[in-house]
Chemist: 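Just dropping this structure here.
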Amino acid sequence: MLIPSVSFLVLWTVMTATGFVQAGELMLSVARGRDGIAAFTRLADGLREERRLTQVRLGDPDNGQAHSALAAQRRRTDEAVDAAAGIAPTLGPGEDNEIARTVRDFLSDRDRLGAVRADVDSGRTDRATALAAYSDLVVAASDISSALLRPMEEGESVSDAVLARRLLTVHEQHARADALLAGSIAAGGMDYEETAHFTYLTAAYRDTLPDAANGLRGLPRERYDAMVDSAAWRDTENMSRMVVTRSPVAPPETPGAPATWNSAIGVGAGAWDRAARPADAALGRVVAAQADLAADTAWNSALRRIGWGAAGSVLTLLAGAAAIVAASRSSRRLTARLRRLRTDTLGLSDTRLPAIVDSARAGGRVDLDAELPRLSYGDDEIGQVADAFNTAQRTAVGAAVKEAEIRKGANRVFLGIAYRNQTLVQRQLSILDEIESDEDDPRALRRLFRLDHLATRARRYADNLIILSGAGSARRWRDPMPVADVLRAAITETEDYERVRLTSAPRARLRGAAVADVVHLVAELVENATQFSPKACSVDVNCGRVSGGVAIDVEDRGLGMTEDGYAEANRILADPPEFDVMALPEEPRLGLFVVARLAARHGVVVRLRPSPYGGTCATAVVPEHLLDWAAQTPRPAVVPGEPRSEIEPLPAEPRGER
């Protein structure tokens, strides 16, 4: 639940923030656009008026009134330029912004206005050049207003902003035609190029204005209707059409003279000024009203976007919170059921199931219905999992019980054969004792001793089978035995006992209850050492007192084992596994299992490690509670010419311990 919840909240936050940021940017653009459009509209109007007065001055250089009016207008234009330059830094947020770039380019060309004025004052320019130069400046100022309108072209304000930009173009075409005609009237005539230019300008705004007017609404429409119904607009249109439609050929002064261009305009300066100035002002008010309408529409659109965004965000948040709460409750219920299922299954698998399996292996009776309660969690997916676990655990316990029964039966058969075999060997040893006691021939007696030794080994092998089957050894001792005698007895039970050297043994006695098992344990270690070492090499048995008991080292000079082999062998010796006669490998290492069982029975610690001689050293530490240090072993007789020793020498012809 955490991942989808966090994802929903992050998505909701991003979408809400994006909507508010966009709405805020639109409102900021509208606020900047209002001030910027107003400032650069005043600048464009000032440049248009200066352009008109410049055309009048160039048309009639001797008109002193035109000179004074132009000087006053230049001052007003400079004030408008300074005002626009002051507001320019607030219009664009960065160097790469279109508005900032356009304003920067316009203000960097302020010297162009001074150059145009200087050319006009010095008489180095004509009316056409001055008209083009001023028109470029006006277009640049109008482009800034258009750029400020472009961010408002969103939602409902798209059409209003587009109309405002189109009306800016119409206003410039109308004002340029006004300036061109005013200059021509002052000059006293209009040549062919000026007539063509004037015709193009009037045709252009007359073609665009009606189409744009169809989209006007509100105050801009009211102002447009008032403009076209005004006498000034009608007079302006009539006079401009008279100029365009006048006869292009002037009447000849004398009959038969060649035709000349008709430069006469037929419109007076006063009449044109009284009509064109109010008409141009009215058109400017229409453009201003449309720009204000576009800004108001964009502002209201931003406010509605913020309102709808806030409402939608709140509703979305409430719906998402409700969904999260509902899902969380469902998740908690699901989690609680899963937690109970986990607790029940862990209790069964960690406690009850091992106890049932151990009881079955120990031979106890197992009632599955009573000891394995059924897990019931409904019919959904969790219930199906519980049913699957019920089936799995019952199958596992049934298999374990069946396996225990089979193992128990096999071990009984196995143990019965071992006991019968041991009985036969014991009877064989008794018969050998009788024959040995009656035999006087040394050669025959030596053979009987060898046969006796083989029978003793066979008895130990039978003991191995009994120990692996879980029963105790048939041999028992009540009295303690010297450790040296225990080691000698173990050595004599091996096949190559003549290669084994007992180097030392402490003066202590081993308690009788552990004698048979320790003899058996050491015999297995010694026989393993003799089997896995060269025939010519001896095996050393060393015994000494250590902290906590007596350590018996059996060291050979064989090939040794790998690190993994030592680790596996020590693992078995430290924790004897369950011996299953039905699952023995192809080459069972029964001696290792026997040693592990005997060591675990008496608390003897057995470990294998590499020998410095290249073979293996097996160490068995007999614990202190199996030893008796109070009763000391009497010293053996000292052989002349040999040093004293704590152990008795091995007899030349050892006989198997009974």
Side-chain angles (χ1 to χ4, degrees), residues 38-85 110-142 171-191 194 197-198 201-202 227 230-233 235-236 239-240 243 265-285 287-288:
F40 281 92
T41 298
R42 287 193 298 271
L43 175 57
D45 291 341
L47 290 172
R48 291 189 186 100
E49 183 62 22
E50 184 175 339
R51 176 180 60 187
R52 187 177 189 279
L53 294 174
T54 299
Q55 291 295 307
V56 174
R57 176 185 172 182
L58 291 177
D60 186 6
D62 296 331
N63 189 343
Q65 186 178 359
H67 280 262
S68 300
L70 178 59
Q73 181 58 42
R74 284 179 176 178
R75 288 191 297 271
R76 288 190 292 272
T77 302
D78 290 338
E79 292 175 359
V81 170
D82 293 337
R110 293 181 64 178
D111 294 339
R112 281 177 51 190
L113 179 58
V116 172
R117 290 173 176 176
D119 292 340
V120 170
D121 293 339
S122 64
R124 292 191 301 269
T125 186
D126 55 9
R127 285 187 294 115
T129 304
L131 180 66
Y134 273 103
S135 297
D136 290 341
L137 294 173
V138 173
V139 169
S142 299
H171 189 200
E172 168 55 18
Q173 292 170 345
H174 184 274
R176 193 182 303 179
D178 174 28
L180 176 59
L181 184 56
S184 298
I185 293 173
M190 180 180 288
D191 59 16
E194 292 173 338
H197 193 188
F198 183 79
L201 293 173
T202 55
M227 179 190 71
S230 64
W233 182 263
D235 292 342
T236 302
M239 285 185 283
S240 63
V243 173
I265 300 174
V267 175
W272 178 251
D273 287 345
R274 286 190 299 272
R277 282 177 176 269
D280 186 74
L283 182 57
R285 288 192 294 272
V287 175

Chemist: Please find the pair of heavy atoms, one from Thr125 and one from Ala130, that lie closest to each other, and give the distance.
Modeler: OG1-N, 3.7 Å

Chemist: Considering non-hydrogen atoms only, spot the tightest contact between Leu58 and Val120 and give its length.
Modeler: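 Closest approach of Leu58 to Val120: CD2-CG1, 4.0 Å.
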
Chemist: Looking at Asp273 and Arg52, is there a salt bridge between them, counting it only when a charged N and a carboxylate O are closer than 4.0 Å?
Modeler: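 Counted as a salt bridge, because a side-chain N and a carboxylate O are separated by less than 4.0 Å.
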
Chemist: Is there a side-chain contact between Arg112 and Asp136 (heavy atoms, below 4.5 Å)?
Modeler: yes

Chemist: Do you know the tightest heavy-atom contact between Thr202 and Ser240?
Modeler: CG2-CB, 4.4 Å

Chemist: Quick check: do Leu113 and Arg117 have side-chain heavy atoms less than 4.5 Å from each other?
Modeler: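 Leu113 vs Arg117: side chains touch.
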
Chemist: Do Asp121 and Arg57 sit within salt-bridge range, that is, some charged N less than 4.0 Å from a carboxylate O?
Modeler: yes

Chemist: Please confirm whether the backbone N or O of Leu180 pairs with a side-chain atom of Glu194, one donor and one acceptor, at under 3.5 Å?
Modeler: no

Chemist: Using a strict cut-off of less than 4.0 Å between a Lys/Arg side-chain nitrogen and an Asp/Glu carboxylate oxygen, indicate whether Arg277 and Glu49 qualify as a salt bridge.
Modeler: yes

Chemist: Please find the pair of heavy atoms, one from Ala279 and one from Trp233, that lie closest to each other, and give the distance.
Modeler: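 Scanning both residues, the minimum pair turns out to be CB-CE3, 3.7 Å.
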
Chemist: Say whether, by atom type as modelled, one donor and one acceptor occur between the side chain of Thr129 and the main chain of Asp126 under 3.5 angstrom.
Modeler: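 Between the backbone of Asp126 and the side chain of Thr129 there is no qualifying donor-acceptor contact (under 3.5 Å).
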
Chemist: Measure across Asp60 and Ala186 and return the closest heavy-atom pair with its distance rounded to 0.1 Å.
Modeler: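 Closest approach of Asp60 to Ala186: CB-O, 3.6 Å.
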
Chemist: Would Glu50 and Thr77 satisfy side-chain hydrogen bond (donor to acceptor under 3.5 Å, both in side chains), going step by step from the backbone distance to the final call?
Modeler: CA-CA 8 Å; Glu50 184 175 339; Thr77 302; 3.0 Å; yes

Chemist: Can you check whether Asp178 reaches Thr236 side chain to side chain, under 4.5 Å on heavy atoms?
Modeler: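 Of all side-chain heavy-atom pairs linking Thr236 with Asp178, none is under 4.5 Å.
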
Chemist: So which heavy atom on Gln73 is nearest to which on Gly46, and how close?
Modeler: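 Minimum heavy-atom contact is NE2-O, 3.2 Å.
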
Chemist: So, taking the atom named CG in Leu53 and the one named CD in Gln65, what distance separates them when rounded to the nearest 0.5 Å?
Modeler: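 Atom-to-atom, Leu53:CG and Gln65:CD are 10.0 Å apart.
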
Chemist: In this structure, which one of His171, His174, Arg176 forms a side-chain contact (heavy atoms from CB on, under 4.5 Å) with Arg48?
Modeler: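 So, applying the side-chain contact (heavy atoms from CB on, under 4.5 Å) to Arg48 and each of His171, His174, Arg176, only His171 qualifies.
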
Chemist: How long is the straight-line distance from CG of Leu181 back to CE of Met239, given to the nearest 0.5 Å?
Modeler: 8.5 Å

Chemist: Does Gln55 use its side chain to pair, donor to acceptor, with the backbone of Ser184 at less than 3.5 Å?
Modeler: no

Chemist: About how many Å separate CZ of Arg274 and CH2 of Trp272, when rounded to the nearest 0.5 Å?
Modeler: 12.5 Å

